[in-house]
Amino acid sequence: MSMIPTATTNPLIVAKFGGTSVADYAAMCRSANIVITNPHTKIVLISACSGVTNLLVALANGISDITLRQQHLQQLTDTHQQILNQLQHPHTVSDAIYALFDDIASASAQAAIESSPQLTDKLVSHGELLSTYLFNQILVEMNAAAIRFDIRDVMRTDTQFGKAIPQPDLIRQLAQQYLVPLVDTQIAVSQGFIGRDEFGNTTTLGRGGSDYSAALIAEAVDATTLEIWTDVPGMYTTDPRITAAAKPIKEISFSEASEMANFGAKILHPSTLVPAIRHQIPVFIGSSIAPQQGGTWIRKTVEQAPLFRALALRGNQTLVTLTSLNMFQAYGFLAEVFRILSEHKISVDLITTSEVSVSLTLDQTDTGGGAPTLPLAAVEQLNQLCRVDIEQGLSLVALIGNHMSDSKGSAKHIFGALDAYNLRLICYGASPHNLCFLVNEADAKSVITTLHQQLLE
């Protein structure tokens with residue numbers, strides 16, 4: 001069962017279910033039971049069925065081989081048809097489902113001729129559109145008063161396809177107008193991840209943006225709790241797939257959880273906590289497979305704030321090093337570097353500087369996937385200013401905790417455990433909640449295991 005705060009007389013819970021929580025008919029039924037069990041759950045946002053977004057991204061990138069494209073389309077059809085076949089009244093939603101299949105086939109044929117970010121967003125959005133028809137029907141067949149709602153009617157964004165930027169004030173205005181009145185008497189089932197720009201084009205909030213959109217909706221409707229249901233019972237001291245010694249975290253502060261999300265803890269999208277922090281909305285993360293196991297509460301303040309809380313790992317990192325003797329004791333060099341990066345809409349993650357060079361990392365945030373890199377035009381502009389070196393095949397390791405830079409001897413403890421590894425771009429002291437560095441991709445899991453053993457077990 002989900003857990004409800006007692007601080008308010010009128011709780012309103014927004015619940016978000018990830019792809020594994022709606023992967024098939026059985027998973028959807030488990031998730032529907034969680035919704036029905038808690039009468040305060042009024043808005044449900046769900047992802048595409050597990051694996052569907054990857055298929056849609058592949059189609060959106062353009063598959064010219066008709067046989068291969070047909071295989072992808074058949075896989076998509078089969079995933080949803082299997083759920084449709086198990087409904088009591090499939091005819092209620094089958095026309096809508098088949099119409100979406102036709103749209104996908106048409107758009108994927110178009111993408112095979114010429115792909116574009118706008119077409120990618122249009123195609124990829126179909127995963128969420130399909131899953132909500134099925135999930136809503138399951139709730140109805142469980143005798144719940146549920147209605148399917150198109151989140152694009154309230155999730156207003158800019159026109160940056162692939163990683164659109166939401167507009168919270170407009171989202172709030174539209175949600176109060178169209179969404180809030182619906183949930184007095186029924187459950188609204190809607191989509192995560194997708195939105196619409198001012199011209200009516202479908203947009204997406206970037207890979208993993210379902211959690212973020214759920215938090216934006218929770219903020220817009222003045223929710224008292226945001227629940228995120230996934231396939232693991234909350235946050236752990238590190239990814240349990242890396243080390244079996246990883247331990248569940250029952251409670252964690254917004255600050256610590258934000259650092260974990262930023263530095264690769266896949267259970268939480270990096271932007272998710274921003275709306276929650278703005279409106280002080282407690283966030284609960286639990287497993288839809290085993291809701292009885294409880295989960296992790298993320299709040300402003302927590303009872304325990306240990307020196308070392310958790311380890312996060314983020315792969316697929318790109319290191320850019322910019323070197324110029326003109327930087328020595330000069331002003332304006334960094335300003336010009338960041339002007340160029342801003343002009344090309346390049347998001348910089350970590351940064352360190354020396355007298356004659358600056359190193360920075362890029363992180364992948366859009367829907368397309370693949371290793372992040374600098375656009376050729378940006379490289380050409382930077383080359384006029386300095387030497388540009390680009391390195392890939394790196395992973396980012398982040399140690400999350402509290403007051404680490406104020407604790408004497410903690411750095412010696414950390415780095416002493418890692419004397420066998422080559423560490424790059426060490427960032428320490430900018431935040432009291434993290435220490436992070438780059439390592440070779442091949443060493444990453446071993447580094448996490450070693451640190452976990454030394455600091456957290």
Side-chain angles (χ1 to χ4, degrees), residues 1-6 8-50 80 82-90 92-93 96-97 128-151 175 179-192 210-211 213-215 217-218 221-234 281-297:
M1 283 179 61
S2 52
M3 302 160 74
I4 308 164
T6 55
T8 178
T9 54
N10 187 27
L12 192 165
I13 295 173
V14 172
K16 180 262 172 180
F17 292 88
T20 52
S21 297
V22 292
D24 52 29
Y25 182 76
M28 283 194 174
C29 288
R30 284 194 299 267
S31 296
N33 271 315
I34 290 171
V35 173
I36 289 170
T37 302
N38 193 332
H40 300 300
T41 303
K42 291 294 188 180
I43 298 171
V44 180
L45 301 181
I46 67 171
S47 298
C49 300
S50 186
H80 299 96
Q82 284 167 11
I83 302 170
L84 195 62
N85 291 345
Q86 294 176 80
L87 295 175
Q88 295 167 26
H89 306 290
T92 312
V93 292
I97 296 285
E128 277 70 16
L129 298 174
L130 285 163
S131 61
T132 44
Y133 273 110
L134 296 164
F135 190 80
N136 186 73
Q137 183 59 24
I138 286 172
L139 277 174
V140 170
E141 292 181 3
M142 289 180 167
N143 298 317
I147 183 169
R148 183 182 179 276
F149 182 80
D150 192 329
I151 205 66
L179 185 53
V180 171
L182 289 178
V183 300
D184 282 343
T185 55
Q186 55 200 339
I187 301 161
V189 176
S190 199
Q191 305 82 22
S210 290
D211 290 352
S213 56
I217 293 299
V221 301
D222 298 316
T224 49
T225 301
L226 169 61
E227 294 179 349
I228 295 174
W229 295 94
T230 178
D231 54 356
V232 291
I281 304 168
V283 179
F284 175 78
I285 302 175
S287 165
S288 63
I289 299 165
Q292 71 283 356
Q293 288 185 24
T296 301
W297 276 100

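Quick note: residue numbers are just sequence positions, from 1. Computed from a prediction, not measured in an experiment: that's the story for all the values here.
Annotation for Ser21 and Thr230: closest pair OG-O, 3.5 Å, computed over non-hydrogen atoms. The two residues Ile46 and Val44 have their closest heavy-atom pair at CG2-CG1, 3.8 Å. Here the closest non-hydrogen pair linking Ala214 and Leu45 is CA-CD1, 3.3 Å. Of all heavy-atom pairs spanning Val22 and Cys49, the tightest one is O-SG, 3.3 Å. The two residues Val221 and Ala175 come nearest to each other via the heavy atoms CG1-CB, 4.1 Å. Val183 approaches Ala188 most closely through the heavy-atom pair CG1-CB, 3.9 Å.
Annotation: side chain of Asp222 is not in contact with side chain of Leu12 (no heavy-atom distance under 4.5 Å). Between Arg30 and Pro291, the closest side-chain pair of non-hydrogen atoms is not below 4.5 Å. Under the 4.5 Å side-chain criterion, counting only non-hydrogen atoms from C-beta, Asn38 is in contact with Glu227. Within the 4.5 Å cutoff, no side-chain heavy atoms of Ser213 are placed close to those of Gln191. Looking at Leu179 and Ile217, their side chains come closer than 4.5 Å, going by heavy atoms from C-beta outward. Contact annotation: the side chain of Thr41 never approaches that of Ile187 to less than 4.5 Å [non-hydrogen atoms, C-beta and beyond]. In this structure, the side chains of Ile34 and Ser288 come closer than 4.5 Å at one or more pairs of heavy atoms.
Asp231 contributes atom CG, which lies 5.0 Å from atom CD1 of Ile289 (distance to the nearest 0.5 angstrom). Distance check: Cys29 SG to Leu139 CG gives 9.5 Å after rounding to the nearest 0.5 Å. Here the straight-line distance linking atom OG1 of Thr92 with atom CG of Asn136 works out to 10.5 Å at 0.5 Å rounding. In this structure, CZ on Phe284 lies 11.5 Å from CG on Leu226, to the nearest 0.5 angstrom. Taking CD1 from Ile138 and CG from Asn33, the interatomic distance works out to 10.5 Å, rounded to the nearest 0.5 Å.
Remark: the backbone N or O of Ser47 is not paired with any side-chain donor or acceptor of Glu128 at under 3.5 angstrom. Listed for the Ser190 side chain is a donor-acceptor partner under 3.5 Å among the backbone atoms of Phe149. A donor-acceptor pair under 3.5 Å is formed between the side chain of Arg148 and the backbone N or O of Leu129.
The aromatic rings of Trp229 and Phe17 lie parallel to each other, with less than 30° between the two planes, well short of the 60° mark.
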Exercise answer: donor-acceptor pairs, residues 83-90 side-chain atoms, under 3.5 Å, sequence neighbours excluded:
| from | atom 1 | to | atom 2 | distance (Å) |
| --- | --- | --- | --- | --- |
| Asn85 | OD1 | Gln81 | NE2 | 2.8 |
| Asn85 | ND2 | Gln81 | O | 3.3 |
| Gln86 | NE2 | Gln82 | O | 3.0 |

